[in-house]
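Inspection log for the structure reproduced underneath, given as structure tokens.
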Amino acid sequence: MEKQVATFEVKKGLAQMLKGGVIMDVVTAEHARIAENAGAAAVMALERVPADIRAHGGVARMSDPGLIEEIMNTVSIPVMAKVRIGHFVEAQILESLGVDYVDESEVLTPADEANHINKHDFKIPFVCGCRNLGEALRRVGEGAAMIRTKGEAGTGDVVEAVRHARTVLGTVRRLQTMPDEEVMALAKELGAPFELVKETKELGRLPVVNFAAGGIATPADAALMMQLGVDGVFVGSGIFKSGDPARRAEAIVKATTHYNNAKILAEVSRNLGEPMVGRQVTDIPKEDLIAQRGW
Amino acid sequence: MHIGVLALQGDFAEHASMLARLGAQVREVRLPEELDGLDGLVLPGGESTTIGKLATDYGLIEPIRAFGQTKAIYGTCAGAIFLSKDAERKQPLLGIMDITVERNAYGRQVESFDVEVDVPALHGLAAGDPPVRAVFIRAPLIKSVSGGAKALASLPDGRIIAAKQGKLLATAFHPEISGDDRFHRLFLKLAES
């Protein structure tokens, strides 16, 4: 067999290598270096962290390729970058830069209100957000090689991340004990491709790696998501909007590894300085919620 | 047989399930005392900088080096980097295998690939000895082997992708995600011997 690039196994494979790890949002090369030194498994290169996107308002778009390249040249770990939902040209640009993963992200302003990108068309792998199993499997159907639960980005409030992880993982558990003849009805209810629902039932998990994101701000938050059963965590504003980013980054990495060891969790949670200023999700007007973007 | 899988970061669950299917008693290892009583240890794929940092911070470097003096260790990708003497870059390494590696030698993720290779060392482990389908993810290159290390497999262009030194085994690719269990069976034989 000749050498094959960009097979689904290779795309999915990189996400498997990120498991048990922390993917950190960084806005400068210096941040990226801090993240790598703290033990990040990958970085997400962007111009503004979600908390600032919220505060800034306006249209949020793909970051400047110059910034992304500078970050790619600074660290040896994988570099991800975000494109707007449905904006396949932004994705073509990131592919030409050679970023390792594209996040088709609700954190940016959507470019298409009906369609996501056909991710099968690309050589680079994609990660997409979800709130429930149907949304996750629709994205996998479009070619996503990794899934993250959305949570509510830029808030430092973990409640939505918990809700979305429980919803996805709970539905998978329900599916496992379901007789085969009920699977089609569930696929209809979820609005998800039947074959992928069947595959999820057989595997007893999502067919791709599943991280948590959106509102994780402390080592305890990261360990909570790991104990709920996700494969790893994204931390956006939680690190570089805190008082001591290097220390907090390292503590969240350790908490993600030792998520079942309360003694180590206590130790790494000590003296971390100020966490990011949180914003309670229930105080945010419904129309301003980011997680509802994506279909 | 009791086999540990270093579970600091990476695809340790994939290794654990393959080893369990082969009948091994598997334990996740995050702290030095969890090495006690093991017959072999797997160093999974993942990010070698992350794994190296956590291994240093939790005092695992010396205990794993000592473990490797008498017991079998198998490293895939990041695990192979971790075993190496030299990764041409400043990062924590076990340095117990006489191999030199170059990280991300094939390029970034867009260049990741899979390919079939014949591995003579695995002959006899499967009927007809089919080639191994090797999945390379931002893979390292084993640039050279020296001392007691021997190359086990190479790409058609001669680049080394697997090596062995006594009971230490390293592959630049990931048998744990392609479903071919022959490298793991070879490793279990080493652990048993």
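Throughout, protein chains are lettered first and strands after them, A, B, ... in sequence-line order, and every chain is numbered starting at 1.
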Just one of A:Ile239, A:Ile34, A:Val233 clears the side-chain contact (heavy atoms from CB on, under 4.5 Å) bar with A:Met24, so which one?
A:Ile239

Counting heavy-atom pairs under 4.5 Å with chain B, which one of [options] comes out on top?
options	answer
A:Val5, A:Thr7, A:Asp100	A:Asp100
A:Ile124, A:Val99, A:Ile77	A:Ile77
A:Ala38, A:Ala15, A:Gly232	A:Ala38
A:Met72, A:Lys12, A:Lys123	A:Met72

Over 60° means perpendicular and under 30° means parallel, so tell me whether B:His184 and B:His15 are parallel, tilted or perpendicular.
tilted

Parallel, tilted or perpendicular: which fits the ring planes of B:Phe173 and B:Phe183, with parallel below 30° and perpendicular above 60°?
perpendicular

Do you know which of [options] has the most heavy-atom pairs with chain A at a distance under 4.5 angstrom?
options	value
B:Arg89, B:Glu176, B:Gln91	B:Arg89
B:Ile51, B:Val135, B:Asp57	B:Asp57
B:Arg108, B:Glu14, B:Lys53	B:Arg108
B:Glu111, B:Arg138, B:His174	B:Arg138

A:Phe88, CZ atom: more than 12 neighbouring heavy atoms under 6.0 Å
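At most 12 heavy atoms, drawn from other residues, nucleotides or ligands, come within 6.0 Å of this atom.
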
Proximal component of [X], with respect to chain A [non-hydrogen, under 4.5 Å]:
X	answer
B:Ser112	both
B:Arg103	side chain
B:Leu54	side chain
B:Ala7	backbone

Measure centre to centre between the rings of B:Tyr106 and B:Phe113, then say whether the value is under 6.0 Å.
yes

Pick one of side chain, backbone, both or neither for [X], based on which atoms fall under 4.5 Å of a heavy atom in chain B.
X	value
A:Ser76	both
A:Val209	neither
A:Asp231	neither

Could you tell me whether the side chain of A:Arg148 and the main chain of A:Ala212 form a donor-acceptor pair under 3.5 Å?
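No: the side chain of A:Arg148 does not pair with the backbone of A:Ala212.
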
